[in-house]
Amino acid sequence: MIEGKEEITVKFQAINATNFAGGLFYVRLLQPLQPTAVTDILKAAQGWRAFASAGQVVAENLPESGTLSLYNLKGERVYQAGITGPTMVLKAPQTGMYIVVLNHNGVHTTQKITVKVTR
């Protein structure tokens, strides 16, 4: 549908009981000049993974060195420590979604998890 085109036209119309809105938009399609290089996350992180279990965050298959951080969706770091073994268990402060970040040899890899804390 858009292959070979530089721009497309998008027309929309929205009506509710009191208002009418609509318009015609010209959208320019931007395509990279060359393919982007996406590193396979599991290869870059040497196969580590993070998951939730009983209100805690479990990270396993960790490398021998590096740091492990836990961020909430506000971007606040709620935990950070050096790696102490192949498996680490972190206590999540509350139910929610978290980003687990592994920094190993200057490479940051992330995984998103959802934790349900029961009290």
Side-chain angles (χ1 to χ4, degrees):
M1 181 166 96
I2 63 172
E3 190 173 327
K5 295 183 180 179
E6 291 186 13
E7 65 179 38
I8 60 172
T9 304
V10 178
K11 184 177 182 180
F12 81 93
Q13 183 176 356
I15 303 172
N16 67 16
T18 58
N19 295 319
F20 171 82
L24 190 61
F25 293 91
Y26 295 93
V27 180
R28 183 164 183 218
L29 303 174
L30 299 177
Q31 298 179 358
L33 296 176
Q34 55 189 331
T36 58
V38 178
T39 305
D40 182 1
I41 292 173
L42 292 178
K43 287 181 183 175
Q46 296 148 355
W48 78 285
R49 71 182 192 120
F51 59 93
S53 176
Q56 298 178 329
V57 177
V58 180
E60 64 182 17
N61 297 330
L62 296 171
E64 293 179 5
S65 63
T67 58
L68 193 64
S69 304
L70 184 66
Y71 292 86
N72 62 21
L73 290 185
K74 293 179 187 176
E76 302 167 331
R77 185 174 55 218
V78 296
Y79 180 88
Q80 181 172 357
I83 295 173
T84 58
T87 301
M88 291 179 68
V89 179
L90 321 172
K91 185 166 174 49
Q94 62 188 13
T95 297
M97 292 182 74
Y98 293 91
I99 306 294
V100 183
V101 180
L102 171 66
N103 181 4
H104 175 65
N105 290 337
V107 176
H108 290 65
T109 54
T110 62
Q111 294 190 18
K112 178 176 64 174
I113 60 168
T114 303
V115 179
K116 182 176 181 181
V117 176
T118 56
R119 300 195 193 274

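In this structure, the separation between CD1 on Ile113 and CD on Gln111 is 8.5 Å, given to the nearest 0.5 Å. Taking CZ of Phe51 as the reference point, atom CD of Glu60 lies at 4.5 Å (rounded to 0.5 Å). Atom OG1 of Thr67 sits about 11.0 Å away from atom NE2 of His104, to the nearest 0.5 Å. Atoms CG and NE2, from Asn103 and His108 in turn, are 3.5 Å apart once rounded to the nearest 0.5 Å. Atom CG of Leu70 sits about 9.0 Å away from atom CD1 of Ile99, to the nearest 0.5 Å.
Cluster membership for Leu90 and Val117, using ILVMFWY side-chain heavy atoms within less than 4.5 angstrom, is shared. Taking hydrophobic clusters as Ile, Leu, Val, Met, Phe, Trp and Tyr residues chained together by side-chain heavy-atom distances below 4.5 Å, Val101 does not share a cluster with Ile83. With hydrophobic clusters built from ILVMFWY side chains whose heavy atoms lie under 4.5 angstrom apart, Tyr79 does not share a cluster with Val58.
Looking only at side-chain heavy atoms (C-beta outward), Val89 and Ser53 stay at 4.5 Å or farther from each other. The shortest distance between side-chain heavy atoms of Tyr71 and Val78 does not fall below 4.5 Å.
Here the closest non-hydrogen pair linking Ala50 and Val100 is CB-CG2, 4.0 Å. Taking all atoms of both residues into account, the shortest heavy-atom contact from Gly82 to Met88 is O-CE, 3.7 Å. Here the closest heavy-atom approach between residue Ala52 and residue Val115 is recorded as CB-CG2, 3.9 Å.
Around CD of Glu64, the count of heavy atoms belonging to other residues, nucleotides or ligands within 6.0 Å does not exceed 12.
At distances below 3.5 Å, not a single donor-acceptor pair connects side-chain atoms of Asn105 with backbone N or O atoms of Val107.
Among Thr84, Leu68, Thr87, the single residue meeting the side chain to side chain contact (heavy atoms under 4.5 Å, CB included) criterion with Leu62 is Leu68.
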